[in-house]
Number of protein chains: 2
Amino acid sequence: MASARDRILDAFEEVLLTEGERAATLDAVASRAGVSKGGLIYHFPSKDLLAHGLCERLTALAAEDAERMRASSEGPARYYIRSSRYLGTPFDRAFVGVARLHQGGVAEAVETIRTIERQWLEILATALHDDDAAHAIKLMGDGLYFQAVYGAGEFAATGGTTPQGDDDLDALLRVVDKIVG
Amino acid sequence: MASARDRILDAFEEVLLTEGERAATLDAVASRAGVSKGGLIYHFPSKDLLAHGLCERLTALAAEDAERMRASSEGPARYYIRSSRYLGTPFDRAFVGVARLHQGGVAEAVETIRTIERQWLEILATALHDDDAAHAIKLMGDGLYFQAVYGAGEFAATGGTTPQGDDDLDALLRVVDKIVG
DNA sequence: GTCTATATTGTGATAGAC
DNA sequence: GTCTATCACAATATAGAC
């Protein structure tokens with residue numbers, strides 16, 4: 001069974017994704033995690049530390065993802081676009097959660113995202129030997145994350161304005177090849 | 001002189017951009033606008049209506065921008081990438097403000113942004129006669145806005161990870177030409 | 001480790017004077 | 001149209017029992 005700490009972070013993500021940052025109060029998170037507020041506070045003595053916990057989780061998941069990106073058989077560019085779509089993976093959820101946290105005034109959230117973005121760009125530039133192409137592809141990935149942050153969870157509802165289906169992904173990957181080639 | 005209503009909306013934007021959604025309380029906005037809370041409430045009887053006012057402002061500015069985009073001499077694709085960079089224009093400020101509002105649980109904010117995005121995609125697809133290229137370029141613009149939302153105002157500080165300078169813009173526009181051509 | 005109070009502050013909103 | 005109170009409530013955090 002997952003540790004209470006992890007279950008609380010899961011609940012925090014869940015509320016952030018489905019109801020937004022404003023609704024992610026200690027009460028709401030504790031309730032969703034199935035513990036009392038006091039129980040939550042035992043694991044995360046302050047709300048800042050709860051946010052810090054989610055940032056740490058995201059950073060760890062990002063390191064694993066960067067490794068997969070570097071080692072990808074189809075190349076980092078294609079891997080990056082493929083994985084930038086919102087598919088509800090643990091990484092996706094943590095990323096969107098931290099992105100939403102930013103608005104709460106948590107400075108660490110911006111710094112965490114910025115560090116991850118820097119890493120992606122570096123991997124792309126190294127693999128492609130073309131800074132301009134790397135920038136362009138990085139922007140496309142950011143665009144996909146933009147859609148995720150403004151569409152994931154409850155807010156998603158009626159499908160986005162960007163390609164998320166398999167056909168659209170193939171078309172997008174062809175554009176990537178065109179930029180790279 | 002700008003109407004009190006406009007000055008309050010300006011102040012609302014300013015606080016949203018520099019301190020985040022959480023800090024954009026009625027007190028903070030009133031103080032920044034140079035009026036009392038009661039004075040603010042006279043113009044915007046509730047916080048939802050204040051948010052509504054900013055969404056309306058953004059929608060109006062977006063309509064003007066869409067017109068310029070359609071009429072652009074260099075074509076909508078280049079215009080779109082050029083204007084998606086954060087340059088602190090009234091449109092940029094309203095857009096980032098509304099984007100930050102979203103996290104506050106204001107449903108109208110998401111809907112407003114989604115409508116604008118749909119419009120952009122439509123203009124691009126119509127002009128390029130190539131849905132895949134339109135999608136890709138739209139994503140690059142979203143990426144630039146992503147950077148803006150996570151970098152504008154006080155949070156900007158140390159320069160982003162994406163091209164914002166003139167050299168980088170030129171490189172980006174070359175990639176756009178490559179996608180379109 | 002988890003719980004039930006409770007204290008404290010901040011926030012949105014109302015009422016009514018000027 | 002703008003102001004000064006003031007209210008009601010929600011949110012973080014503390015204290016201490018079990």
Side-chain angles (χ1 to χ4, degrees), chain A residues 1-57 97-98 100-109 154, chain B residues 1-57 97-98 100-109 154:
Chain A
M1 178 178 175
S3 69
R5 206 188 134 90
D6 276 332
R7 274 185 295 116
I8 289 168
L9 285 179
D10 289 343
F12 190 30
E13 277 180 2
E14 181 70 16
V15 180
L16 283 171
L17 295 188
T18 57
E19 299 173 59
E21 196 275 333
R22 207 70 176 256
T25 63
L26 297 184
D27 271 316
V29 174
S31 162
R32 175 89 56 160
V35 296
S36 70
K37 205 194 311 202
L40 190 161
I41 287 290
Y42 171 77
H43 292 283
F44 299 98
S46 79
K47 199 172 185 189
D48 271 3
L49 288 172
L50 180 59
H52 176 68
L54 191 57
C55 288
E56 275 189 328
R57 169 184 277 194
V98 171
R100 295 230 165 116
L101 266 184
H102 168 224
Q103 267 64 8
V106 183
E108 189 184 4
E154 197 68 8
Chain B
M1 180 175 175
S3 70
R5 207 188 135 89
D6 276 332
R7 275 186 294 116
I8 289 167
L9 285 178
D10 289 344
F12 189 31
E13 277 180 2
E14 181 70 17
V15 179
L16 283 170
L17 295 189
T18 56
E19 299 172 59
E21 195 275 334
R22 207 73 177 250
T25 63
L26 297 183
D27 272 316
V29 173
S31 162
R32 175 90 56 162
V35 297
S36 69
K37 201 185 332 193
L40 190 160
I41 287 291
Y42 172 79
H43 292 282
F44 299 97
S46 78
K47 199 172 186 189
D48 271 3
L49 288 173
L50 180 60
H52 175 69
L54 191 57
C55 287
E56 275 189 329
R57 169 184 280 194
V98 171
R100 296 230 163 115
L101 225 44
H102 167 225
Q103 265 65 8
V106 183
E108 190 184 2
E154 195 70 7

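Note on naming: letters A, B, ... go to the chains in the order of the sequence lines (proteins, then strands), and numbering restarts at 1 for each one. Keep in mind that this is a model prediction, so the values were computed, not measured.
- For the pair A:Leu40 CG and D:dT14 C1', the computed distance is 15 Å after rounding to whole Å.
- Side-chain contact check for B:Arg22 versus A:Glu21: some heavy-atom pair is nearer than 4.5 Å.
- Phosphate contact (OP1/OP2 of C:dT2, side-chain N/O of A:Arg5, threshold under 4.0 Å): absent.
- One can place CG of B:Asp27 at 13 Å from C1' of D:dT4, the figure rounded to the nearest angstrom.
- A residue-by-residue look at B:Thr25 and B:Gly38 shows that B:Thr25 has its nearest nucleotide of DNA chain C further toward the 5' end.
- Rounding to the nearest 0.5 Å places OG1 of B:Thr18 at 11.0 Å from CD of B:Glu13.
- Less than 4.0 Å separates DNA chain D from at least one heavy atom of each of the following residues of residues 41-53 of chain B: B:Tyr42, B:His43.
- At a threshold of 4.5 Å between non-hydrogen side-chain atoms, the residues B:Leu9 and B:Leu50 count as touching.
- The shortest distance between side-chain heavy atoms of A:Leu54 and A:Leu16 falls below 4.5 Å.
- Between B:Asp10 and B:Arg57, at least one side-chain nitrogen of the basic residue sits less than 4.0 Å from a carboxylate oxygen of the acidic one, meeting the salt-bridge criterion.
- The nearest pair of heavy atoms linking A:Cys55 to A:Glu108 is CB-OE2, 3.8 Å.
- Ranking D:dA13, C:dT2, C:dG12 by closeness to the A:Lys37 side chain, first place goes to D:dA13.
- In this structure, the side chains of A:Phe12 and A:Leu26 stay at 4.5 Å or more apart for every pair of heavy atoms.
- If you check every strand for non-hydrogen atoms under 4.0 Å, B:Ser36 touches a base.
- Side-chain contact between B:His52 and B:Phe44 is absent, with no heavy atoms from C-beta onward closer than 4.5 Å.
- For the strand DNA chain D, secondary-structure stems (runs of at least three Watson-Crick or G-U pairs, all distances below 3.5 Å) span C:1-18 with D:1-18.
- Atom CG of B:Leu26 and atom P of D:dC3 are 14 Å apart (whole Å).
- Along DNA chain D, the nucleotide closest to B:Ala4 and the one closest to B:Arg22 are compared, and the more 5′ of them pairs with B:Ala4.
- Between the side chain of B:Arg32 and the main chain of B:Glu14, no donor-acceptor pair closer than 3.5 Å is present.
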